[in-house]
Chemist: 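This structure is in structure tokens; I'll ask about it shortly.
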There are 2 protein chains.
Amino acid sequence: MLFCRLFSTSSASHLIDKSKFIPHSGFYPKGYKVGALASGVKKAGALDLAMVVSETAASAAACFTTNKFKAAPVLVDKATLQANNNAGIRAIVANSGCANSVTGEGGLQDACKMISMVDDSIGVHNSSKNHSSLVMSTGVIGQRLSMNKILPAIKELAQGDHLGSDHVHWITCAKGIMTTDTFPKLVSKRFTMGGIEYSLAGLAKGAGMICPNMATLLGFFVTDAPVEPSALQEILSHAVSKSFNCISVDGDMSTNDTITALANGAAGGELITKLHPNYNILEHEVTEFAKQLAQLVVHDGEGSTKFITLRIKDALTYEDAKKVASSISNSPLFKTAMYGEDANWGRILCATGYAGAEVNPMKTNVSFIPTDGSEELKLLVNGEPQNVDEDRASVLLKREELEVMVDLGTGGGESCEFWTCDLSHDYVKINGDYRS
Amino acid sequence: MLFCRLFSTSSASHLIDKSKFIPHSGFYPKGYKVGALASGVKKAGALDLAMVVSETAASAAACFTTNKFKAAPVLVDKATLQANNNAGIRAIVANSGCANSVTGEGGLQDACKMISMVDDSIGVHNSSKNHSSLVMSTGVIGQRLSMNKILPAIKELAQGDHLGSDHVHWITCAKGIMTTDTFPKLVSKRFTMGGIEYSLAGLAKGAGMICPNMATLLGFFVTDAPVEPSALQEILSHAVSKSFNCISVDGDMSTNDTITALANGAAGGELITKLHPNYNILEHEVTEFAKQLAQLVVHDGEGSTKFITLRIKDALTYEDAKKVASSISNSPLFKTAMYGEDANWGRILCATGYAGAEVNPMKTNVSFIPTDGSEELKLLVNGEPQNVDEDRASVLLKREELEVMVDLGTGGGESCEFWTCDLSHDYVKINGDYRS
């Protein structure tokens, strides 16, 4: 049996205490019930089926992988949203343990059967035969889902007493989509718009195979704000471009990556359209929220010991800034240097130079920015290497969080923030040794 | 002091016996003297200065890094070849231990001083003040070269009895440019053209930071065939595109990469121009030769335990085939799977899908091709996962050499060969721990 890395739960040790990333309470949006159970697809009774159900039809939006090999749930969800014609979406079901990817026509039928079972179980009677739910899968590639396990489990999850709206239900739901993740990724927040209090909750799975364009990533946001579907899609696309498409664990990108959003309007207020004066507020709230969730994915990068913020400044274009950030974040030499706590700016410069972006070598600056607000440590100023205080560099590099600033000196003034992690022995162990 | 990975010689253990890649004899071209000595730039008296001198002015050509941060020797050599106006080049000097990169105006002057010292030492009296030699450097970034060590050493190397034309001189020369390399990379061969016997010799340094577009790579070919300079440049560019630009160790690309070629015509015969009937013979010979040398670089990939040939078939264009090969070869998930001897075709497929090339998912095939000529092991046929004989897969993956075939099924019929290695614990050790 061949299977994807995503199948196994890592047994490698992690040096960082990641329990601090798990919330003990939250602000959850009205009108949703969530939960998870163990369908039996994953071994040993692990949670592997998660669901979120909106009491009423919600506006929906999604961003999908750009991989040419798209898994069945990706193809089916795309079609569902296209056919939906603003009728709204009632639920999202997500399973881990099997990605339903490279599974041919049968896999597409399996994904549709999952959705139909959700629709039936929550009492959607759709005369148009269009789907009213979305489906996501993550796990083994090239293997069919066990329909005889998944379908009864969906019914049980939807109709039993598994779903609820308390913190414990949300945490359980986040656990239901974990693969090699070492902690459930859940964030929530309250914000005010037009005098009304709204909530946003989001969860994600990540771990390895994370890179620009949302690799091996499942996630969804839900809110009780009322948002018109096309406005929700624009907001989600913008938020993803500044968050999930600005992170890299290992530069790989999966066949299944999907981020969806639901907005059911349960908290009331005016419908947010693209022209509504509060559109920008909502876009800002969702974008900052998405960054928070995306950063959790980097914090759980396979085997990672460092969380690194890359701040690229004065690029000719935003795309150029992102190219440079992506190039640095995917450089194994940079990532191993960070793991080795080595202030090796030559590797940062090399990766900057081959990114394919405009750079002014004579005006390029590279610094480490301490996260405690103390003075930056300049490594390169206008293309000239600095005499670096090695002791201070060593102190900064020993910290769990570090910021690297690269100023390209082009005069273009464009910038980008990007988050990545180091490349450790544990990464090789998790991805190279896990079958042994 | 900050320095580049290239500085240290690895102390990590290597499981593979690489002494088999070191030749015990060779066919060396007429009219050249080569050698190396220890200038003192590298510590502990290691060889760090290599030179090749042609008895007569030779046609010269070069391919350089495309990194935006170009080291001083790269900039100086580019200018030298442009100004040369077919007057010919007499020598190449190459040093290891210091890359003379990100060293500003002073670094450019240092590179010029090295060349002038070579020219003076071998008795070139060039009234035009144009350089008659090329210079290459590899090692520490951001540090000035010790001119007080390098300049006398150049004179000593050129005028003492260090240079010669025997096998031992060639091996010594190859050792002079090693950094983290675990063995000197030297190849030579004889070929016949127009009834005359010619020789080709080439040497390279590599190890880490190798990726498409010639990363941290110094190399040069010399031949005793008579070749017109622009024909030599075309032949070299073609050969490099099929060899050094088709290898990847870690996807990084340095500021110093340079491959040069000299052709002094010492074996006689007709001058090979682009229109000469033997042009294609020479191009073929040089290209196959370059592949051999480039493959040695992959065999010495930092920490590598596997040598992997990627054969991409039926791409829409050659560029697409190369994109797919490059994407697979730079995927940490693929590389760790190979290290872990895991027949994980899902990772091959993922990297194929995000390469940005045209792919027909329903007609994609993936196989392992055994190097012993036995039947291929089909993993994916027309997009359908195969029931794989895991025992046979395990046997194939335990071997040091493996070939992976990916057929993109586009109908375009274009193909490419590419060479890469795995990503091991030793890679992380060499690049992350070496300062500890």
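We name chains A, B, ... by the order of the sequence lines, and we start the count at 1 in each one. If you're wondering where the values come from, they're calculated on a predicted model, not measured in any experiment.
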Chemist: Where does B:Ala355 contact chain A at under 4.5 Å (heavy atoms): side chain, backbone, both or neither?
Modeler: neither

Chemist: Report yes if the side chains of B:Cys350 and A:Ile141 come closer than 4.5 Å at any heavy-atom pair, otherwise no.
Modeler: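 Yes; the side chains approach each other to less than 4.5 Å.
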
Chemist: Under 4.5 Å between any side-chain heavy atoms of B:Thr103 and A:Pro385, yes or no?
Modeler: no

Chemist: Kindly compute the distance separating CG (B:Asn330) from CG (A:Asn330), expressed to the nearest 0.5 Å.
Modeler: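 Rounded to the nearest 0.5 Å, the CG-CG separation comes out at 9.5 Å.
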
Chemist: Quick check for you: among B:Asn387, B:Val102, B:Leu380, B:Thr364, which has the greatest number of heavy-atom pairs under 4.5 Å with chain A?
Modeler: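 Heavy-atom pair counts peak at B:Val102.
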
Chemist: Which residues satisfy the salt bridge (charged side-chain N to carboxylate O under 4.0 Å, His left out) test with B:Arg144, sequence neighbours excluded?
Modeler: B:Asp110

Chemist: I need the minimum non-hydrogen distance between A:Gly104 and B:Glu384, along with the two atoms involved.
Modeler: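 Nearest pair, atom of A:Gly104 first, then B:Glu384: CA-OE2, 4.3 Å.
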
Chemist: With sequence neighbours left out, what residues match B:Lys313 under salt bridge (charged side-chain N to carboxylate O under 4.0 Å, His left out)?
Modeler: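 For B:Lys313, no residue satisfies salt bridge (charged side-chain N to carboxylate O under 4.0 Å, His left out) once neighbours in sequence are set aside.
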
Chemist: Considering non-hydrogen atoms only, spot the tightest contact between A:Lys68 and B:Ala357 and give its length.
Modeler: CE-O, 3.2 Å

Chemist: Are any of the side-chain heavy atoms of B:Phe69 and A:Thr352 separated by less than 4.5 Å?
Modeler: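 Side-chain contact under 4.5 Å: yes.
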
